[in-house]
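Below, all heavy atoms of this structure are taken into account, side chains as well, without hydrogens, waters or symmetry copies.
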Amino acid sequence: MSSVQQLLTLCARTHLHPADAEALARCAAQITDWSNVAARAEAQGLGPLLARHLQTAGVAPPKAIRRQLQALTVRHCHAFAVRMRALAQILAAFEQAGIPVRVLKGAALAHLIYPAPGLRSMRDLDLLVSPADARRAQTLLAQLGFTAPLPPPGAPLPDKHLTPATRADAGLTVTVELHTNLFHAFERASFTLADACGPPLVFSVNGVAAQTLGPEDMLWHLCRHIAYHASIWE
C-alpha cells in the first residue's frame, strides 16, 4: 500500500484518536508527491475529513494542497447546508401530509456520527416511504419546486425508487430519491418501510424531527449497499 493510500485509510474515520494522529503524521512525512492527494481524497468522499485530520495531527501539507482542501471543505459545507434546508422542508411537508418516512445513508449518518456538518460528503438525499405513499410523496416534492416525474397512471412503481426529483437551489442541484424498497427486485434481499425490525433512530434536521433505520437495519443495509457497488477491478 502506498503512503497516500495509507494516509487516506487513516482518514476514513470520524474521530482521530491520539494513536491515529501519530500514525497519520508518520505516514504524511513519507509522502514526497502531494500533487494528487486532494483529488484522490475527494474521489473517496474524504476531502473534508482529510483536511480536518491533517490539522488535528499537526501536519502541514504544501500550501497548494492546503488551499485545495480548504476549498473542498467550504464547498461541502455549503452543499450540506443547502441539502439540509431542502430535507427539513420535505420532512415538514411529509409530516403535515401524514406520510411516514425514513432518512437513509449519508443524510442520517452526518447527524448521528460525524462531529461537524459537511464532513460527510453525499450526492443526493435518499428517503424511504411505503409503496402506498410513493405517488403522493413524489407529488409533494413537485409542489415544493422539484422536477419530480411520476409513473404513468396505472403503471407499476419502479422496483426500488422513483425517478430522482431535482431542484436548483443556491447554485446546487438538490436530488431526492424516494425509495419504496432498499433493493432492486433482482437482488436476493428486500426491505420496505414495513420490514423494520426495531425502533428508528431519531435526530433533528434544522429543528425538524427526522427518523432513520434502527442500528441493526442500518448496518445490514449499508453492508449490502457497499457490497453491491464494490468492484474487484477498482
Minimum heavy-atom distance between Ala108 and Phe203, given as atom pair plus value:
CA-CZ, 3.8 Å
For Glu95, is the CD atom crowded, meaning more than 12 foreign heavy atoms sit under 6.0 Å from it?
no
Got Lys160 and Glu177 here, is their nearest side-chain heavy-atom distance under 4.5 Å?
no
Nearest heavy-atom contact between Asp33 and Val37 is O-CG2, 4.1 Å
Leu222 reachable from Tyr114 in the ILVMFWY side-chain graph, under 4.5 Å edges:
yes
I need the His225 NE2 to Trp220 CH2 distance, nearest 0.5 Å.
13.5 Å
Is there side-chain contact between Leu10 and Leu8, with at least one heavy-atom pair below 4.5 Å?
no
Is it the case that one hydrophobic cluster holds both Val59 and Leu46, taking links as side-chain heavy atoms less than 4.5 Å apart, direct or via other members?
yes
Is Pro200 close to Arg102 at the side-chain level, that is, under 4.5 Å between some pair of heavy atoms?
yes
From the list Thr163, Thr166, Leu162, side-chain contact (heavy atoms from CB on, under 4.5 Å) with Pro149 holds only for Thr163
Nearest atoms (heavy-atom pairs only) where Ala134 meets Leu157:
CB-CD1, 3.9 Å
dist Asn181:CG -> Phe191:CZ (nearest 0.5 Å) comes out at 9.0 Å
Rounded to the nearest 0.5 Å, the OG1 atom of Thr147 sits from the CG atom of Leu141 at a distance of 10.5 Å
Can you hop from Ile113 to Leu119 via hydrophobic side chains spaced under 4.5 Å?
yes
Are side-chain N/O atoms of Arg167 and Gln89 paired as donor and acceptor at under 3.5 Å?
yes
Taking the six-membered ring of Phe80, is the NZ or CZ of Arg120 close enough (under 6.0 Å from the centre) and on axis enough (within 45°)?
no
Out of curiosity, Leu72 CG to Leu50 CG, how far, rounded to the nearest 0.5 Å?
9.0 Å
For Asp133 and Pro100, the nearest pair of non-hydrogen atoms, with its separation, is OD2-CD, 3.5 Å
side-chain contact (heavy atoms from CB on, under 4.5 Å) between Leu87 and Leu127, intermediate numbers included
CA-CA 10 Å; Leu87 179 57; Leu127 306 175; 3.8 Å; yes
Can you give me the closest heavy-atom contact between Ala210 and Val205, atom names plus distance?
CB-CG2, 3.9 Å
For Arg136, I'd like to know if atom CZ has over 12 heavy atoms of other residues, nucleotides or ligands within 6.0 Å.
yes
Closest approach of Phe94 to Ala137 (non-hydrogen atoms, all atoms of both residues):
CZ-CB, 3.6 Å
With a 4.5 Å limit on heavy-atom distance, are the side chains of Thr192 and Leu182 in contact?
no
Side chains of Asp195 and Ser190: donor-acceptor distance under 3.5 Å anywhere?
no
Between Leu109 and Met84, is there a shared hydrophobic cluster once you connect ILVMFWY residues whose side-chain heavy atoms come closer than 4.5 Å?
yes
Please enumerate all residues that pass ring-ring contact (aromatic ring centres under 6.0 Å, His included) together with His161, with sequence neighbours excluded.
His179
Validation: residues 15-31 side-chain donor-acceptor distances under 3.5 Å, sequence neighbours left out:
{"unit_1": "Asp20", "atom_1": "OD1", "unit_2": "Arg13", "atom_2": "NH1", "d": "3.3"}
{"unit_1": "Asp20", "atom_1": "OD2", "unit_2": "His17", "atom_2": "N", "d": "3.3"}

With rounding to the nearest 0.5 angstrom, report the OG1 to CZ distance, Thr173 to Arg83.
9.5 Å
Glu187, CD: over 12 other non-hydrogen atoms inside 6.0 angstrom:
yes
One pair to check against side-chain contact (heavy atoms from CB on, under 4.5 Å): His184 and Tyr228. What are the steps and the verdict?
CA-CA 11 Å; His184 289 289; Tyr228 175 79; 3.8 Å; yes
Indicate yes or no: at least one non-hydrogen side-chain atom of Val176 is less than 4.5 angstrom from one of Pro164.
no
Determine whether a donor-acceptor pair (N or O, by modelled atom type, separation under 3.5 Å) exists between the side chain of Asp124 and the backbone of Thr175.
no
Side chains of Arg75 and Pro48: does their closest heavy-atom pair fall under 4.5 Å?
no
Go through the steps to decide whether Gln44 and Gln5 satisfy the test side-chain contact (heavy atoms from CB on, under 4.5 Å), and finish with yes or no.
CA-CA 11 Å; Gln44 298 296 327; Gln5 288 174 312; over 6 Å; no
Would a 4.5 Å heavy-atom cut-off, applied to side chains only, mark Leu201 and Leu213 as touching?
no
Nearest 0.5 angstrom please: Lys105 NZ to Leu128 CG, how far?
11.5 Å
Sub-4.5 Å side-chain heavy-atom contact between Met218 and Leu112
yes
Apply side-chain contact (heavy atoms from CB on, under 4.5 Å) to Phe146 and Leu140, showing your working.
CA-CA 9 Å; Phe146 286 85; Leu140 273 177; over 6 Å; no
Thr212 side chain to Val103 main-chain N or O, any donor-acceptor pair under 3.5 Å?
yes
Kindly determine whether His221 and Glu216 satisfy side chain to side chain donor-acceptor pair (under 3.5 Å), including the steps that lead there.
CA-CA 9 Å; His221 174 221; Glu216 294 84 358; over 6 Å; no
